[in-house]
Amino acid sequence: MKSLVVGHLFPDYLNIYADRGNIAVLAARAAWRGYELEVQALGTGVEIRPGAHDLYYVGGGQDREQALIAPELARLGPALHEAFEAGAAFLAVCGGYQLLGRYYRDQSGEELPGVGLLPLYTVAGTHRMIGDVLLECELEPGRTQTLAGFENHAGRTILDAGAKPLGRVVAGFGNDGESGYEGCRVGRAIGTYLHGPLLPRNPWLADWLLGQAIAHRTGDLPTFEPLDDQLEAQAHEISAQRAEARGGRH
Ligand code: GLN
């Protein structure tokens, strides 16, 4: 069995809304393609060896948990930048997404340092943006796909001029409830507010991330045989319909 190595950043602190479920989906879909996913928890005091991981994952968390780990995550910043430059893939969800930016000014007004990998910053607002979300994305030029999930955040994320969002908001609040965009994408790094967890109801994104991770390890972007994703498609459809019926309006 070939292997892929995932660095799971601060799994004990940043893991709300079953974000850990994203790892389970990556592991299952990797195994169905002949890859064993080795998941390494990367917490306080860890050192990251260049090239050690094909994919980094960080989940969401309350302001309190973010404040507890932000200095440690920022300390890993240079190594994460090096890994990114060397082609490792990244998936960051909500609180983790915010901390991959330059900083997150939380609801107490404290400015939590970020990694600065994504061209953005976040400032908490007075009311939370909660609800089902539906996005339209174009990760591959000319190929539009949808992402469905759930958001719950006080943070308003502002992308730098020219920065690429992950998708256009069809229903929901997205980055700041105003821009009409959600998330951020830089090369093989994806940041998003979408919980759920995200990947069980959006298997195409799981495959995209796995493809990037395999390309990091082998140098070649694989072409995957389609899997029987009927259940995932149903979950996506239900989530998309809920978003359209109930999601916030930006
Ligand atoms: N604490 C952050 C906020 O409220 C992130 C929340 C989350 O990860 N769901 O915006």
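One-based numbering along the sequence shown. Both ligands and their constituent atoms are indexed starting at 1 by order of listing.
- How far CD1 of Ile69 is from CG of Asp12: 11.0 Å, rounded to the nearest 0.5 Å.
- Among the atoms of Ile16, none of the N or O lies under 3.5 angstrom from an N or O of ligand 1.
- Residue Ala124 places every heavy atom at 4.0 Å or more from ligand 1.
- Look at Gln98 and you'll find a heavy atom under 4.0 Å from some atom of ligand 1.
- Once rounded to the nearest 0.5 Å, the distance linking CG of Asn22 with CG of Leu199 reads 4.0 Å.
- Between Tyr193 and His153, the two ring planes are parallel [angle under 30°; tilted spans 30° to 60°].
- Ion pairing between a basic and an acidic side chain is recognised when a charged N comes within 4.0 Å of a carboxylate O; Arg75 and Glu47 show such pairing.
- Contacts with ligand 1 closer than 4.0 Å are made by heavy atoms of both the backbone and the side chain of Asp63.
- Each of the atoms 3 (C), 10 (O) of ligand 1 lies under 4.0 Å from some heavy atom of Gly155.
- Contacts of Tyr104 with ligand 1, taken as heavy-atom pairs under 4.0 Å, involve the side chain alone.
- Checked against a 3.5 angstrom limit, the closest N/O atoms of Asn152 and ligand 1 fall inside it.
- Between Ala154 and ligand 1, at least one N/O pair is under 3.5 Å apart.
- Interface of Gly95 with ligand 1, defined as ligand atoms under 4.0 Å from a residue heavy atom, comprises 5 (C), 7 (C), 8 (O).
- Between the side chain of Ser239 and the backbone N or O of Ala235, no donor-acceptor pair lies under 3.5 Å.
- Within ligand 1, the atoms closer than 4.0 Å to a non-hydrogen atom of Gln62 are 1 (N), numbered from 1 in the order shown.
- Ring to ring, His81 and Phe84 are not that close: their centroids are 6.0 angstrom or more apart.
- Which parts of ligand 1 touch Gly60 is read off a 4.0 Å heavy-atom cut-off, strictly below it: atoms 8 (O).
- Without hydrogens or angle criteria, Trp204 side chain to Thr146 main chain gives a donor-acceptor distance under 3.5 Å.
- When only non-hydrogen protein atoms are considered, atom 7 (C) of ligand 1 lies nearest to Cys94 SG, 2.8 Å.
- Remark: Arg156 does not engage Asp176 in a salt bridge, criterion side-chain N to carboxylate O under 4.0 Å.
- Ring to ring, His195 and Phe150 are not that close: their centroids are 6.0 angstrom or more apart.
- For residues 197-220, the pairs satisfying salt bridge (Lys or Arg N to Asp or Glu O under 4.0 Å) are Arg29-Asp207, Arg33-Asp207, Asp54-Arg217, with sequence neighbours left out.
- Neither the backbone nor the side chain of Val93 has any atom closer than 4.0 Å to an atom of ligand 1 (non-hydrogen atoms only).
- Contact between Arg128 and ligand 1 is present, with at least one heavy atom of the residue lying under 4.0 Å from the ligand.
- Protein heavy atom closest to atom 6 (C) of ligand 1, with residue, atom name and distance, is Gly61 O, 3.3 Å.
- Contact annotation for Gln66 and ligand 1: only side-chain heavy atoms (C-beta onward) come within less than 4.0 Å of the ligand.
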